[in-house]
Number of protein chains: 2
Amino acid sequence: MKTKSAVNALAALAQESRLEIFRLLVRKGSTGMAAGDLSTHFGMPPATMSFHLKELNNAGLVISRRESRSIIYSANYEQMQQLLGFLMENCCADNGGKC
Amino acid sequence: MKTKSAVNALAALAQESRLEIFRLLVRKGSTGMAAGDLSTHFGMPPATMSFHLKELNNAGLVISRRESRSIIYSANYEQMQQLLGFLMENCCADNGGKC
DNA sequence: TTCATATTTCCAATATTATCGAAATAATGC
DNA sequence: GCATTATTTCGATAATATTGGAAATATGAA
């Protein structure tokens, strides 16, 4: 993972609504949740929810699939794992591995 | 960890300069690095570096100690671990643990 | 094809964040 | 106390993000 893509992912999560949306999707697993249901669940206008989902999607943190009229979002665990790894990369390398 | 403190930590990291500063401090371990040296290292005015270090400090991601005239910053690994844990909390719990 | 439902895009207003020069604060040595 | 070095705060400007109504797009059903 490159710095820019890490910044994108972190910026996507650095917003209260989006962090809660993402964490709910993390709970939901591969089943995911429809955009409209998320909108209802968080009491947020569809336009606002759509904006947040787009941010998470651009950051690669969620994936979407169409199911009939709904669009189902789910967490992208691979991207998440990459981000976590990036943040701890080379931990204490310049200190003889001592943290 | 609460949502608000996670948002603070993520927002602190969601900025290219700060993410690089933090990652350098992660490498440095407990030895850390002086504010002025960081300023020189990144070719950034002291006022700008100070602003970024304050953000990281407010988020609990770095700690500082005075050593004579210098202020030494180092990464706070505990806070980092808490953040990583928070992001993956209850992973797939609503899907029978299947991701 | 017409209607209802689901979601996204457009746009403008508002709010938040980043940058950095200049001035202020803090510690040390003479 | 005065000069030097290290860092932070202040304040103004510029850049970026958030919000949500209204209109546009896409799917499915009658």
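We name chains A, B, ... by the order of the sequence lines, and we start the count at 1 in each one. What you see is a predicted model; the values in this text were computed from it and never measured.
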Inset, instruction - Applying salt bridge (Lys or Arg N to Asp or Glu O under 4.0 Å), name anything that partners A:Asp37, two or more places apart in sequence or on another chain. - result: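 None.
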Inset, instruction - Please name the residue in the list A:Leu19, A:Val62, A:Ile21 that meets the side chain to side chain contact (heavy atoms under 4.5 Å, CB included) test with A:His52. - result: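 The single option meeting the side chain to side chain contact (heavy atoms under 4.5 Å, CB included) with A:His52 is A:Ile21.
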Inset, instruction - Let me know which of A:Gln82, A:Met88, A:Glu89 forms a side chain to side chain contact (heavy atoms under 4.5 Å, CB included) with A:Phe86. - result: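 Result for side chain to side chain contact (heavy atoms under 4.5 Å, CB included) with A:Phe86: A:Glu89.
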Identify whether [X] and [Y] are in the same connected component of the hydrophobic contact network (ILVMFWY, side-chain heavy atoms under 4.5 Å).
| X | Y | result |
| --- | --- | --- |
| A:Ile63 | A:Val26 | no |
| A:Leu53 | A:Tyr77 | yes |
| B:Phe51 | B:Tyr73 | no |
| A:Met1 | B:Met80 | yes |

Inset, instruction - To the nearest 0.5 angstrom, please state how far the OG atom of A:Ser70 sits from the CZ atom of A:Arg65. - result: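 Spacing of OG (A:Ser70) from CZ (A:Arg65) equals 10.5 Å.
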So, [X] side chain and [Y] main chain: donor-acceptor pair closer than 3.5 Å or not?
| X | Y | result |
| --- | --- | --- |
| B:Ser39 | B:Ala35 | no |
| A:Arg66 | A:Ser68 | yes |
| A:Ser64 | A:Ile72 | no |
| B:Asn90 | A:Arg27 | no |
| B:Glu16 | A:Val7 | no |

Inset, instruction - Produce a footprint string for nucleotides 23-30 of chain C: one letter per nucleotide, 5' end first; B if the base is under 4.0 Å from any protein heavy atom, S if only the sugar-phosphate is, - if neither. - result: ---SBB--
Inset, instruction - Would you kindly say whether B:Asp94 and A:Thr31 are connected by a side-chain donor-acceptor distance under 3.5 Å? - result: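 Looking only at side-chain atoms, A:Thr31 and B:Asp94 do not form any donor-acceptor pair under 3.5 Å.
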Inset, instruction - Heavy atoms of chain B, cut-off under 4.0 Å: which first and last nucleotide of DNA chain D, 5' to 3', fall inside that, if you could look? - result: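 Using the under 4.0 Å cut-off, the span is D:dT4 to D:dT9.
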Inset, instruction - Please list, by residue number, the residues of residues 1-40 of chain A whose heavy atoms come closer than 4.0 Å to an atom of DNA chain C; answer none if no residue qualifies. - result: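 Contacts with DNA chain C under 4.0 Å: A:Ala34, A:Ala35, A:Gly36.
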Legend entry - d(CE, A:Met49; C1', C:dT8) in whole Å: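 Spelled out: CE on A:Met49 to C1' on C:dT8 is 13 Å.
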Inset, instruction - Specify the separation, in whole Å, of atom CD of A:Glu55 and atom P of C:dT8. - result: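 It works out to 13 Å between those atoms.
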Write out a two-atom table: protein N or O, nucleotide N or O from nucleotides 10-13 of chain C, distance below 3.5 Å.
none

Inset, instruction - Grab the two heavy atoms, one from A:Arg18 and one from A:Ala11, that are nearest each other, plus how far apart they are. - result: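 Here A:Arg18 and A:Ala11 meet closest at NH2-O, 3.2 Å.
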Legend entry - DNA chain D: 5'-proximal contact among B:Phe51 and B:Ser70 (nearest heavy atom):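 Nearest-nucleotide comparison on DNA chain D picks B:Ser70.
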Legend entry - Watson-Crick and G-U pairing of DNA chain C written in dot-bracket, each distance under 3.5 angstrom, with | for inter-strand partners: ||||||||||||||||||||||||||||||
Inset, instruction - Remember a base hit wins even if backbone is also touched, and classify B:Pro46 as base, sugar-phosphate or nothing at under 4.0 Å, heavy atoms. - result: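 It contacts base atoms.
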